[in-house]
Amino acid sequence: MNDRKTLEERAAMSDIERLRHSCAHVMATAILKLWPDAQFAYGPPIETGFYYDFDMKHRITPDDFEKIEAEMKKVAKDNQKFEKKVISREEARTLAESGRLGGLAERPGNVSRYKLDLIDKIPEGEEISCYQNGEFLDLCAGPHVNYTSKCKNVKLMSVSSSFYMGDESKGQLQRLYGTAFESREELEQHLVALEEAKKRDHRKLGKELQLFHIDEDVGQGLILWTPKGAILRQELQNFISDELRKQGYSQVFTPHIGKLTLYKTSGHFPYYKDSQFGAIIENDEFQKCADAGCSCSEIMQRIDGVSKRLADGINERVGKEVIPADRVMADDQILDGFMLKPMNCPHHIKIFDSQQRSYRDLPVRLAEFGTVYRWEQSGELNGLTRVRGFTQDDAHLFCTEDQIAEEVLGCLSLVKKVLTTLGMNNYRVRVGLRDPDGSKFTGDPAQWDKAEAACRAAAATLGVPFSEEPGEAAFYGPKIDFVVKDVIGREWQLGTVQVDYVLPVRFDLSYIGADNQKHRPVMIHRAPFGSMERFCGVLIEHFAGAFPTWLNPEQVRVMTISEKADEFARSVFEQLRTAGLRVTLDVEAEKIGAKIRTAQLEKVPYMLVIGQKEAEANSVAVRHRSRGDLGLQSVEAFLEAVTLEVAERTL
RNA sequence: GCUCGUGUAGCUCAGUGGUAGAGCACUUCCUUGGUAAGGAAGAGGUCGCGGGUUCAAUCCCCGCCACGAGCUCCA
């Protein structure tokens with residue numbers, strides 16, 4: 001509901017959108033039959049169906065769906081014609097005043113208030129029309145299908161709330177979602193696909209496969225990695241670390257907190273305060289404030305305060321007043337506590353700045369799996385994909401301006417390597433450029449031009465589709481995002497590469513150039529996975545929990561047919577374990593069918609079935625999770641094959 | 001943060017104004033079985049937490065916490 005669609009854009013509606021839009025009208029008709037007081041606002045088609053926002057006394061619950069669907073079926077069976085009428089603005093207003101618009105009849109005293117507002121939003125000179133099917137008359141630019149009989153393959157999906165025009169202050173509406181297709185088969189298929197997607201849900205699989213745990217007492221949005229999930233994460237980290245070594249990165253480690261002053265310098269505090277955990281203030285400091293009789297608001301101000309020296313330095317270097325004078329206060333007034341780090345860059349910057357740097361040292365590439373904390377709104381938290389504490393596979397590159405292009409390219413090839421290795425080939429690349437409106441970015445336009453050109457050129461070499469999106473840059477520089485599409489068609493922003501001119505200025509970073517003068521380095525922020533948590537979440541759904549052997553927490557399960565084979569099975573188990581495979585041994589008093597079933601459900605890639613026959617032949621019967629029975633192999637041959645598969649990170 | 005919904009055994013879920021049940025998993029025993037479920041017995045719950053109404057609350061009411069869907073937000 002952002003920008004108004006033009007009539008041309010509306011006319012270009014696809015067939016399925018047209019159908020779904022019509023279904024929204026049919027649904028409205030049905031709702032009005034049941035609850036005539038309903039006031040409708042806005043009912044568009046969406047990617048997976050349609051919805052209609054409305055307001056009425058009765059609160060819809062899923063128990064009502066059946067009733068509403070039954071009414072919708074009647075409307076469809078009635079085969080009402082969708083008829084368009086072009087009306088004048090005055091006529092439209094009169095119809096809305098009488099409650100007729102978005103109703104089955106005139107409703108004295110029940111003005112179509114949302115429709116009235118929508119009429120006022122229609123630009124002067126644009127055609128105003130309404131559509132009628134049966135008794136239901138709605139303000140609508142269309143287009144629609146010709147008859148309601150087309151709207152029979154429909155299912156109501158969910159109900160929730162929304163704000164009128166997305167504006168919290170304009171009151172709450174109920175939103176009823178449905179989906180619709182041209183044929184019964186397509187609808188059934190869609191519902192089956194949704195069921196399949198549910199089975200892949202990483203929250204469900206995470207529990208079943210014991211990959212992670214979120215505990216109320218620890219806190220929402222805080223991930224506890226259980227042993228199996230930790231293996232998955234560790235393997236990914238090993239993989240990326242290998243690649244980083246190849247690309248000349250240096251590993252660093254930094255703590256989880258830093259002083260407020262650090263973030264006042266970087267600018268993260270207090271500007272992103274709403275999405276950060278609160279400041280950590282020492283008890284003594286609080287006591288001093290209490291003794292001095294400070295009010296809470298005074299304390300808040302003191303926490304936000306900066307010294308004159310810091311403010312002057314940054315304002316001068318940036319070239320404008322980024323730290324306003326009202327935040328400046330005497331040093332003994334400032335309450336300097338600590339903060340859980342919302343980003344790793346300030347710490348890495350301090351490592352860069354801890355020594356004098358020559359142009360010969362550049363680029364300096366500092367990498368860390370750094371854990372950061374952000375105060376996400378509680379309604380936003382979701383499994384592993386939206387959390388409050390997460391570990392970025394972060395790195396910061398400090399380089400000369402001339403090195404930007406090459407370094408960006410290196411970052412992109414890294415991201416590409418990661419995604420390719422994991423078989424995540426359905427992704428697109430988004431190059432975020434600065435807003436054409438010059439006031440929304442900082443720094444020198446000439447620098448931006450150069451950096452943007454470098455990003456564009458780097459993206460072009462990747463051989464994947466990329467889009468340039470003006471206005472999507474960070475305020476400090478252009479960026480390149482990797483947007484991966486998962487099995488359900490949802491898009492996830494994972495990897496990102498960002499060029500940054502601003503932080504080197506704020507922290508007054510420098511290196512000595514060939515001319516023996518100080519120069520300002522440029523920073524590149526990059527994280528190929530984005531965060532380990534989100535990435536693992538997407539990965540769980542991508543593989544539906546059946547990870548390739550190199551990633552799977554359990555790679556091989558040795559299982560016995562009867563006790564008579566236990567001894568040989570144990571020796572095989574030991575042999576594989578010594579070779580470094582993640583292997584378990586199942587010598588339960590169960591039949592082989594049950595053992596196989598258990599291993600299949602736990603998605604173990606290789607099952608080694610061992611009975612007397614195998615013991616005598618000094619071999620193992622290999623069964624693969626998806627390839628089935630692979631027959632008899634010597635232990636050595638099996639070990640060699642699997643070791644190779646793991647080493648090569650085969651999918 | 002907002003709206004609606006949900007919260008019962010390790011998991012999936014029934015159920016009732018008179019302090020609870022199934023399947024799977026778990027434990028023990030029997031069974032020694034050849035590629036997706038062998039049999040028996042047993043153990044396991046302050047019915048999310050805190051108030052209130054009631055002779056009596058897991059059930060009704062209020063508040064909180066968590067989860068889900070959506071909205072809003074997202075360095």
Side-chain angles (χ1 to χ4, degrees), chain A residues 1 46 51 53 55 58-64 157-177 198 201 203-204 207-210 213-221 263 266-269 271-276 341-346 372 374-383 386 388 392 473-477 479 493 496 498 500 502-503 525 527 559-566 587-604 607-614 621-625 627-632:
Chain A
M1 206 183 323
I46 53 175
Y51 67 80
D53 282 348
D55 188 22
H58 176 77
R59 294 275 158 200
I60 301 262
T61 71
D63 294 338
D64 297 321
M157 303 302 290
S158 67
V159 60
S160 73
S161 81
S162 66
F163 298 115
Y164 181 58
M165 305 305 266
D167 185 344
E168 204 166 331
S169 66
K170 288 188 176 158
Q172 202 113 32
L173 299 170
Q174 304 190 56
R175 174 174 294 182
L176 188 51
Y177 285 87
K198 247 190 220 167
D201 190 312
R203 293 164 298 190
K204 180 178 149 69
K207 194 178 271 182
E208 283 172 7
L209 301 175
Q210 302 172 354
H213 174 64
I214 298 170
D215 193 279
E216 278 190 34
D217 289 341
V218 174
Q220 53 176 165
Y263 301 101
S266 70
H268 292 115
F269 188 86
Y271 297 106
Y272 294 110
K273 209 188 216 169
D274 287 350
S275 48
Q276 290 165 180
K341 66 179 175 188
M343 289 191 129
N344 298 304
C345 24
V372 298
R374 298 181 190 180
W375 186 261
E376 300 287 353
Q377 296 188 73
S378 64
E380 266 312 318
L381 298 171
N382 179 289
R386 205 61 192 277
R388 283 183 172 161
Q392 297 177 313
F475 69 91
Y476 48 70
K479 64 174 181 175
Q493 197 216 295
T496 179
Q498 306 182 353
D500 181 358
V502 171
L503 283 179
H525 309 242
M559 50 186 71
T560 49
I561 299 224
S562 83
E563 258 175 40
K564 295 175 190 120
D566 279 8
V587 288
E588 292 292 305
E590 271 298 345
K591 296 196 353 186
I592 196 66
K595 293 186 185 183
I596 286 171
R597 181 181 145 84
T598 304
Q600 285 285 153
L601 291 175
E602 292 177 19
K603 304 184 196 289
V604 180
M607 288 155 265
L608 300 185
V609 176
I610 294 183
Q612 281 178 287
K613 205 164 70 188
E614 286 74 19
V622 182
R623 180 190 162 94
H624 186 266
R625 175 176 68 192
R627 279 173 275 153
D629 194 344
L630 301 180
L632 225 57

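In what follows, chains carry the letters A, B, and so on, assigned in the order in which the sequence lines appear, proteins first and then strands, with residues in each chain numbered from 1. Note: hydrogens, waters and symmetry copies are ignored here, and every other heavy atom, side chains too, is used.
Within 4.0 Å of A:I596, counting heavy atoms only, lies at least one base atom of the nucleic acid. Among the protein residues, A:E614 comes within range of the nucleic acid bases, having at least one heavy atom under 4.0 Å from a base atom. As judged by a 4.0 angstrom heavy-atom cut-off over every strand, A:Q276 is placed among the base-contacting residues. Across all strands, A:K564 comes closer than 4.0 Å only to sugar-phosphate atoms, never to a base (heavy-atom distances). The residue A:Q392 sits apart from the nucleic acid: no heavy atom pair falls under 4.0 Å. Nucleic acid contact class of A:Y271 (heavy atoms, under 4.0 Å, all strands): none. Within 4.0 Å (heavy atoms only), A:S378 reaches at least one base atom of the nucleic acid. Using a 4.0 Å heavy-atom cutoff across all strands shown, A:N382 reaches sugar-phosphate atoms only and no base atom. Among the atoms of the strands shown, only primed sugar atoms or phosphate atoms (P, OP1, OP2) are found under 4.0 Å from some heavy atom of A:Q220.
Under the rule for a side chain to side chain donor-acceptor pair (under 3.5 Å), the partners of A:Q392 that lie at least two apart in sequence or sit in another chain are A:N344. Remark: A:H213 pairs with no residue by the ring pair (Phe, Tyr, Trp, His ring centres under 6.0 Å) rule, at least two apart or across chains. Applying the side-chain contact (heavy atoms from CB on, under 4.5 Å) criterion to A:L632, with sequence neighbours excluded, gives A:E614, A:S619, A:A621. For A:F269, the ring pair (Phe, Tyr, Trp, His ring centres under 6.0 Å) test picks out no residue, with sequence neighbours left out.
Between A:Q174 atom CD and B:C2 atom C1' the separation is 14 Å, expressed in whole Å. Atom pair A:R625:CZ and B:U35:C1' shows a separation of 17 Å (rounding to whole Å applied). B:C2 atom P lies 19 Å from atom CG of A:D55, rounded to whole Å. For the pair A:D64 CG and B:C4 C1', the computed distance is 12 Å after rounding to whole Å. At whole-Å resolution of the value, CG in A:L381 and C1' in B:C74 are 12 Å apart. Rounded to whole Å, the distance from CD on A:E208 to C1' on B:A25 is 13 Å. Atom CD in A:E563 sits roughly 12 Å away from atom C1' in B:C30 (whole-Å rounding). In this structure, CD1 of A:I610 is placed 16 Å from C1' of B:G33, rounded to the nearest angstrom.
Side chain A:R386 to base B:C74: a donor-acceptor pair is found below 3.5 Å. The base of B:G70 sits with one of its N or O atoms less than 3.5 Å from a complementary donor or acceptor on the side chain of A:S161.
For the C1' atoms, the distance linking B:G15 with B:C47 amounts to 11 Å, nearest Å. B:U31 and B:A40: their C1' atoms are spaced 11 Å apart (whole Å). If you take atom C1' in B:U54 and the same atom in B:C61, they sit 12 Å apart, rounded to whole Å. When the C1' atom is used for both B:U12 and B:C55, the distance is 37 Å, rounded to whole Å. Look at the C1' atom in both B:C59 and B:G17: the space between them is 7 Å, to the nearest Å. Between the C1' atoms of B:C71 and B:G10, the separation comes to 35 Å (whole Å). The gap from the P atom of B:U19 to that of B:C62 amounts to 26 Å, rounded to the nearest Å. For the C1' atoms, the distance from B:G48 to B:A57 is 16 Å, rounded to whole Å.
Annotation: side chain of A:C345 is in contact with side chain of A:H268 (closest heavy-atom distance under 4.5 Å). Within the 4.5 Å cutoff, the side chain of A:K273 has no heavy atoms near those of the A:P342 side chain. Within the 4.5 Å cutoff, side-chain heavy atoms of A:K341 are placed close to those of A:Y263. A:M607 is listed as a side-chain neighbour of A:M559, based on a closest heavy-atom distance under 4.5 Å. Residues A:K595 and A:I561 fail the side-chain proximity criterion, which asks for heavy atoms closer than 4.5 Å. Under the 4.5 Å side-chain criterion, counting only non-hydrogen atoms from C-beta, A:I46 is in contact with A:Y177. With a 4.5 Å cut-off on side-chain heavy atoms, A:Y476 and A:L503 do not count as touching. Proximity of A:L608 to A:V622: side-chain heavy atoms (C-beta onward) are separated by under 4.5 Å at one or more points.
Residue A:F163 places its side chain closer to B:G1 than to any other of B:G34, B:A36, B:G1. Of the listed nucleotides (B:G68, B:G1, B:A36), B:A36 has the atom at the smallest distance from the side chain of A:R597. Checking B:A36, B:C2, B:A69 against every side-chain atom of A:S160, the shortest atom distance belongs to B:A69.
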Discussion item. How would you summarise protein contacts on nucleotides 38-49 of chain B per nucleotide, using B for base, S for sugar-phosphate only and - for none, with heavy-atom distances below 4.0 Å?
Written reply: B-----------

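For RNA chain B, each stem of at least three Watson-Crick or G-U pairs (distances under 3.5 Å) is given as range with range: B:1-7 with B:65-71, B:10-13 with B:21-24, B:26-30 with B:38-42, B:48-52 with B:60-64.
Both A:M343 and A:E588 lie close to RNA chain B; mapped to their nearest nucleotides by heavy-atom distance, the more 5′-ward contact belongs to A:E588. When each of A:K207 and A:G379 is assigned the nucleotide of RNA chain B bearing its nearest heavy atom, the one mapping closer to the 5' terminus is A:G379.
A:R175 has no side-chain polar atom (N or O) that falls below the 4.0 Å cut-off from OP1 or OP2 of B:C2.
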